Amino acid sequence: AFAYVCQVQSLAADDTRRTLCEIGDASQVSDTLLWGDSNAAHFVGMVGVFAQAGGFRFRNLEIGACPPIDRDPAPYVLPGRLADCRRASMSAPAIVAPFHTLIISADWPSYQERSDRFLAEFFESVRSLVRQGKHVILIGKVPILAGYDRRCREKALSYPGLACPPVTAAPGGAVASVNARLKEFADQTADVAYFDPTRFLCPRGVCSAMDAHGVPEYYDANHLTIPMSWKLGRIILQREGLPAMFRLSGHRPGGGRAPG
């Protein structure tokens, strides 16, 4: 539905070259890549707002249900996704090579749940990127809204009596635990920054599937809608300005660590 969201299931040769996948300041060269799985794809709007405000341009490329690592993903993915994810991991060095800044997000808790080695492996992948002169920004996982069905009201028209109660959740659990480890790693690693939109998404500590007018903010239990992603970026910009780690226009190779 949103052609500029370049999420694929299987990586093809031209997926890294489509200009449709570039967002932000048209006067700039895309030296930034938003990379990951569907949990990176749903941040396209938020990062798009930051790019417009910060004067940078980025490309996005996401491979569904595949972790953004440069090593064998077998322990972390479903069997049906293994061939595609292996192809993506083998292609990772070539994918990231043209870019100075990498904005990475993924379904961190799911991969870590399949093997508790995941974060250690991912962190080593990031260290390898930093050794290559890359600047890395990690984005945390949004809270999960278990049981949410955005089509519930539509279904209720055909099934009278079907209840569609508000779906809310408080941040915490495995998501918060993994996010904390991402932040700790970023705080301890040069040229790595961490950003977590949860406090903007969940005012007063409550995350909701819909806004006050009944408009869906979540696409499903794990993902924001793309319109909400753009809205979230505008909310962050309005409340606190452009987050420091996304002030990329002045951050180039050899320029040191961006404030984070």
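From a predicted model like this one, the values you see are computed outputs, not experimental measurements. Heavy atoms only: backbone and side chains are in, while hydrogens, waters and symmetry mates are out.
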Stepwise ring pair (Phe, Tyr, Trp, His ring centres under 6.0 Å) test for F50 and F246 | CA-CA 7 Å; F50 296 163; F246 289 99; 4.8 Å; yes
Do you know which of S89, S91, S125 makes side-chain hydrogen bond (donor to acceptor under 3.5 Å, both in side chains) with D70?
-> S125
Residue pair F43 / P197: nearest heavy atoms and the distance that separates them | CE2-CG, 3.8 Å
Step by step, work out the side-chain contact (heavy atoms from CB on, under 4.5 Å) result for D211 and M228.
-> CA-CA 10 Å; D211 68 13; M228 179 56 193; over 6 Å; no
Under 4.5 Å between any side-chain heavy atoms of V5 and I226, yes or no?
-> yes
Restricting to pairs with a member in residues 82-100, which pass salt bridge (charged side-chain N to carboxylate O under 4.0 Å, His left out), not counting sequence neighbours?
-> D72-R86, R81-D84, D84-R87
Roughly how far, to the nearest 0.5 Å, is CG of D191 from CD1 of I137?
-> 10.5 Å
In Å and rounded to the nearest 0.5 Å, what is the CE to CG distance from M245 to L138?
-> 10.0 Å
A209 meets the side chain to side chain contact (heavy atoms under 4.5 Å, CB included) criterion, sequence neighbours left out, with L145, Y148, V167
Tell me yes or no: between the side chains of T32 and H100, is some donor less than 3.5 Å from an acceptor?
-> no
Check: residues 116-124 side-chain donor-acceptor pairs under 3.5 Å, at least two apart:
unit_1	atom_1	unit_2	atom_2	d
E124	OE1	R127	NH1	3.2
E124	OE2	R131	NH2	3.2

Taking all non-hydrogen atoms of both residues into account, name the closest pair between Q7 and G64 and its distance.
-> NE2-CA, 3.9 Å
Give a yes-or-no answer on whether the side chains of Y218 and D220 include a donor-acceptor pair shorter than 3.5 Å.
-> no
By side chain to side chain contact (heavy atoms under 4.5 Å, CB included) - contacts of P171 (at least two apart) | P143, T198, C202, C207
Linking I/L/V/M/F/W/Y whenever their side-chain heavy atoms sit closer than 4.5 Å, directly or via other members, would I139 and Y4 fall into one cluster?
-> yes
Residues in side-chain hydrogen bond (donor to acceptor under 3.5 Å, both in side chains) contact with S208, at least two apart in sequence or another chain = none
Do the side chain of R57 and the main chain of S30 share a donor and acceptor less than 3.5 angstrom apart?
-> no
Non-neighbouring partners of T16 that pass side-chain hydrogen bond (donor to acceptor under 3.5 Å, both in side chains), sequence neighbours left out = none
side-chain contact (heavy atoms from CB on, under 4.5 Å) evaluation trace for V130 with V192 | CA-CA 8 Å; V130 170; V192 180; 3.7 Å; yes
Looking at side-chain heavy atoms only, is the closest gap between S38 and E62 below 4.5 Å?
-> no
With sequence neighbours excluded, tell me which residues meet side chain to side chain contact (heavy atoms under 4.5 Å, CB included) with C21.
-> C6, R18, R59, N60
Side-chain donor-acceptor pairs under 3.5 Å in residues 231-240, sequence neighbours left out?
unit_1	atom_1	unit_2	atom_2	d
E240	OE1	R199	NH2	3.0
E240	OE2	R199	NH1	2.7
E240	OE2	R199	NH2	3.4

Pairs touching residues 57-119 that satisfy disulfide (SG to SG under 2.5 Å), sequence neighbours left out | C66-C85
Is Y219 atom OH crowded by more than 12 heavy atoms from other residues, nucleotides or ligands, each under 6.0 Å away?
-> no
Identify, with sequence neighbours excluded, every residue that meets side chain to side chain contact (heavy atoms under 4.5 Å, CB included) alongside S229.
-> M46
Could you tell me which non-hydrogen atom of L33 sits nearest to which non-hydrogen atom of L61, and how far apart they are?
-> CD1-N, 4.1 Å
Give a yes or no on this: more than 12 heavy atoms of other residues, nucleotides or ligands lie within 6.0 Å of atom CD of Q9.
-> yes
May I have the list of side-chain donor-acceptor pairs in residues 173-184 shorter than 3.5 Å, sequence neighbours left out?
unit_1	atom_1	unit_2	atom_2	d
N179	OD1	K141	N	2.9
N179	ND2	K141	O	3.0
K183	NZ	D187	OD2	2.8

Those residues at least two apart in sequence (or on a different chain) that pass side-chain hydrogen bond (donor to acceptor under 3.5 Å, both in side chains) with D25 are S27
Determine, stepwise, if the pair L11 / I95 fulfils side-chain contact (heavy atoms from CB on, under 4.5 Å).
-> CA-CA 10 Å; L11 197 63; I95 290 171; 3.6 Å; yes
Could you tell me whether the side chain of I103 reaches within less than 4.5 Å of the side chain of V47, counting heavy atoms only?
-> yes
